[in-house]
Amino acid sequence: MGWTFLILAGLLLIAWLVFDTFFFRPAIFRMMLEAITDVRLQGISLEEARRRAPFPICLPEWLPEGLEGPELSFHAEWGAPWVADVTFNYLHQDRPILEIKQANLPLKWEDRDRKYYYDGYIKFVLLKWQLGAEAAEHLLPKAESIFLGDIEHNGRRYQVYELFNPSIYHAYWIGWWKDDPKFSYSPPGEPDGYGIYYRILSRLSLIDTLKVAQNLENCLYPLPTPTLTLRKP
C-alpha cells in the first residue's frame, strides 16, 4: 500500500511539473515553440542574409558619421520565406542608435489600426530596443508617444511616431511600404498579396532619420543558394 501511494504521489508530482511548465507558464512554452519553429540568426554576413532573404536587401546610401556596425540578423516565422525579415543594427558609444528592418509581409497589414500602434506597441518596441523587454515593461505605463503624421516625399509616404517621454529614451519610429512586385515574394496562390515593409528605429534627429529613410535605395538582389557540385574523376 505504501509503495502504491508513493508511486501515485510521484506521478502526480511529475504531472504537476509538466502542466506548470508547459501550460501554467505560457511564456516558457511560447519560447520553446518559437525556438523549434522560427529561424533566427544573429551577426550574419550580408552575403548570408542575401542568400536567405527572398527580396532585395536595401542599404542606406548615406549615414551620419560615428556609427558602429551594422550587425545583421535574419528571422523567418516558421521558416517561411514569405514572412522573412532582415535587420541592420547600429551603435553609438555602445548604445543602440539606429535600426533598419526590412520585412516581406502581407499587404493587408498596411491597413492596421493606427490607434493600436499609438497606444502601446510602438512605445514598447522603442523602449525594448534601447533597454530590453523587462525594463520596457516597467517603463511602459509612464511612457508617452505621439503620431507626427504621414510625411510625403518623392511619392513615398512615411508614417512617423515619436517617443518623447521619458526624454532620456527619446526616439523615432518611421515605417513605409514598397509594393513593387519585383521586390516582394509571395507564397503560392497569392501572387499579389505581399510587399516589403521598411521600419526604422532611431535616436538620431528627425531630419537625419528621414534622410536615412530617403537614401535607402542601394538594393542588392538575393544570391542563389549554393548547391553541392561533384567533381568529375
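Shortest non-hydrogen contact noted between Pro54 and Ala84 is CD-CB, 4.2 Å. Between Phe124 and Ala133, the shortest heavy-atom distance links the atoms CE1-O, 4.0 Å. Across Gly120 and Leu140, no two heavy atoms sit closer than the pair O-CD1, 4.0 Å.
The structure places NE2 of His75 at 6.0 Å from CG of Asp85, a figure rounded to the nearest 0.5 Å. Atom OH of Tyr197 is separated from atom NZ of Lys101 by 9.0 Å, given to the nearest 0.5 angstrom.
Taking Glu152 as the reference, nothing meets the salt bridge (charged side-chain N to carboxylate O under 4.0 Å, His left out) condition, with sequence neighbours excluded. By the side chain to side chain contact (heavy atoms under 4.5 Å, CB included) test, Ser73 is found to be paired with Gln42, Thr87, Asn89, residues two or more places apart in sequence or in another chain being considered.
Between Phe164 and Ile146, some side-chain heavy-atom pair lies under the 4.5 Å cut-off. In this structure, Ser145 and Lys123 have side chains that are in contact, with non-hydrogen atoms separated by less than 4.5 Å. Within the 4.5 Å cutoff, the side chain of Leu105 has heavy atoms near those of the Trp177 side chain. Side-chain atoms of Tyr90 and Ile100, non-hydrogen and from C-beta on, do get closer than 4.5 Å to each other. Two residues are said to be in side-chain contact when any heavy atoms from C-beta on lie closer than 4.5 Å; Ile57 and Phe88 meet this criterion. A heavy-atom distance below 4.5 Å is not found between the side chains of Gln159 and Ile174. You'll find the side chain of Asp150 stays beyond 4.5 Å of the side chain of Tyr158, heavy atoms only.
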- Kindly determine whether His170 and Leu163 satisfy side-chain contact (heavy atoms from CB on, under 4.5 Å), including the steps that lead there. CA-CA 5 Å; His170 180 268; Leu163 174 72; over 6 Å; no
- Query: Are Gln102 and Phe55 close enough, and set up right, to give a side-chain contact (heavy atoms from CB on, under 4.5 Å), and what steps lead you there?
  - Reply: CA-CA 9 Å; Gln102 305 165 48; Phe55 53 86; 4.0 Å; yes
- Take Leu131 and Leu139 through the side-chain contact (heavy atoms from CB on, under 4.5 Å) test and state the conclusion after the steps. CA-CA 10 Å; Leu131 302 169; Leu139 288 175; 3.5 Å; yes
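Under a hydrophobic clustering in which Ile, Leu, Val, Met, Phe, Trp and Tyr are joined whenever their side-chain heavy atoms come within less than 4.5 Å, directly or via other members, Tyr121 and Tyr169 fall into the same cluster. Under a hydrophobic clustering in which Ile, Leu, Val, Met, Phe, Trp and Tyr are joined whenever their side-chain heavy atoms come within less than 4.5 Å, directly or via other members, Leu41 and Leu72 fall into the same cluster.
For the salt bridge (Lys or Arg N to Asp or Glu O under 4.0 Å) condition, no pair includes a residue of residues 159-172, sequence neighbours left out. Residue pairs meeting the side-chain hydrogen bond (donor to acceptor under 3.5 Å, both in side chains) criterion with at least one member in residues 125-144, sequence neighbours excluded: Arg95-Gln130, Glu144-Asn165.
Below 30°, between 30° and 60°, or above 60°: for Tyr161 and Trp173 the angle between ring planes is above 60°, a perpendicular geometry.
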Less than 3.5 Å apart, which donor and acceptor atoms pair up between the side chains of residues 200-215 and the rest of the protein, not counting sequence neighbours?
unit_1	atom_1	unit_2	atom_2	d
Ser202	OG	Leu204	N	2.9
Ser202	OG	Thr209	OG1	2.7
Arg203	NH1	Pro96	O	2.6
Ser205	OG	Asp208	N	3.2
Thr209	OG1	Ser205	O	2.8
Asn215	ND2	Lys211	O	2.7

Show me the side-chain donor-acceptor pairs of residues 58-69 shorter than 3.5 Å, one per line, residues at least two apart or across chains.
unit_1	atom_1	unit_2	atom_2	d
Glu68	OE2	Gln93	N	3.2

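Cation-pi geometry between Arg157 and Trp176 is not met at under 6.0 angstrom from the ring centre and within 45 degrees of the axis.
For the pair Arg52 and Glu48, the salt-bridge criterion is met [side-chain N within less than 4.0 Å of a carboxylate O].
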